[in-house]
Amino acid sequence: MLNIVLFGPPGAGKGTQAVNLIEHYHLVHLSTGDIFRANIKGETELGKLAKSYMDAGNLVPDEVTIKMLESEVNKNPNAEGFIFDGFPRTTPQAKALEQFLTSKGTAISVMVALDVSEEELIKRLLLRGKESGRADDANEEVIANRIQVYNDQTAVVADFYNTQNKFEKINGIGTIEEIFGRLCHAIDRYK
Ligand code: AMP
């Protein structure tokens, strides 16, 4: 199995690149942000719980997020591999994912991290807010909080994979095709 963690701050281009990567490597895309948004739209209990955290740009509690992610993996027993997009975002999530994948006889192959300057991120997120209508992209204060949460709680997750020699930093500035090429070049070495 090829299991990829697609990593990077909000607005780095994870969702855009995930679309091309799933097609190229025949993987199942699991975006925790997308799953939460679908639950909010469907007005499920999970959605109700997640909404207040998301609207403020804070993380949904680990216990809830991990349980949801594991259940999504279990829905795809025939997958050739997964792209985890927006997960893990904390070290406890990374540890839980490792344990869970080990129990299934598999593991993360590589974490690819899109590297984009903070100035560029804010520009991209405000633009996305106008186009997508995502509430957490439309407000500059919420964007600032999401970037701070990323710096405080999420950036450290890179160390978890770096110490396992499974970490690749990718320049996230350029055309979609250029960045996709860089990602594939890195991923192919872990196949
Ligand atoms: P995203 O679409 O990845 O930018 O995620 C949008 C929001 O969903 C985040 O700001 C969090 O509130 C929540 N979220 C997504 N993934 C996670 C995660 N792995 N852990 C906790 N909260 C998450």
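These figures come from a predicted structure and were not determined experimentally. First listed ligand is number 1; within each ligand, the first listed atom is number 1.
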Do [X] and ligand 1 have an N or O pair less than 3.5 Å apart?
X     : result
Thr32 : yes
Gly86 : yes
Arg37 : yes
Arg89 : yes

Hey, what else clusters with Ile4 if you join Ile, Leu, Val, Met, Phe, Trp, Tyr whenever side-chain heavy atoms sit under 4.5 Å? Leu2, Leu6, Leu21, Ile22, Tyr25, Leu27, Ile83, Val110, Val112, Leu114, Ile170, Ile179, Phe180, Leu183, Ile187, Tyr190
Do [X] and [Y] come within less than 4.5 Å of each other through their side chains, counting heavy atoms only?
X     : Y      : result
Tyr53 : Pro61  : yes
Pro9  : Ile147 : no
Asn74 : Lys104 : yes

Who are the ring-ring contact (aromatic ring centres under 6.0 Å, His included) partners of Phe87, not counting sequence neighbours? none
Please determine whether any non-hydrogen atom of Lys14 lies less than 4.0 Å from an atom of ligand 1. no
Should [X] and [Y] count as an ion pair when the cut-off is N to O under 4.0 Å?
X      : Y      : value
Lys95  : Asp62  : no
Lys123 : Glu119 : no
Glu72  : Lys75  : yes

Checking contacts here: is it the side chain or the backbone of Val60 that comes within 4.0 Å of ligand 1, counting heavy atoms only? Could be both or neither. both
Please work out, at 4.0 Å between heavy atoms, whether the side chain, the backbone, both, or neither of Asn58 comes within that distance of ligand 1. backbone
Any atoms of ligand 1 less than 4.0 Å from a non-hydrogen atom of [X]? List them with their elements.
X      : answer
Arg134 : 1 (P), 2 (O), 4 (O), 6 (C)
Gln93  : 18 (C), 19 (N), 20 (N), 21 (C)
Thr65  : 18 (C), 19 (N), 20 (N), 21 (C)
Arg146 : 4 (O)

Looking only at protein heavy atoms, what sits closest to atom 8 (O) of ligand 1 is Met54 CE, 3.4 Å
Quick test: of every protein heavy atom, which one is nearest to atom 23 (C) of ligand 1, and how far off is it to 0.1 Å? Phe36 CE1, 3.8 Å
Result of checking Asn58, Asn151, Asp137 against Arg146 for side-chain hydrogen bond (donor to acceptor under 3.5 Å, both in side chains): Asp137
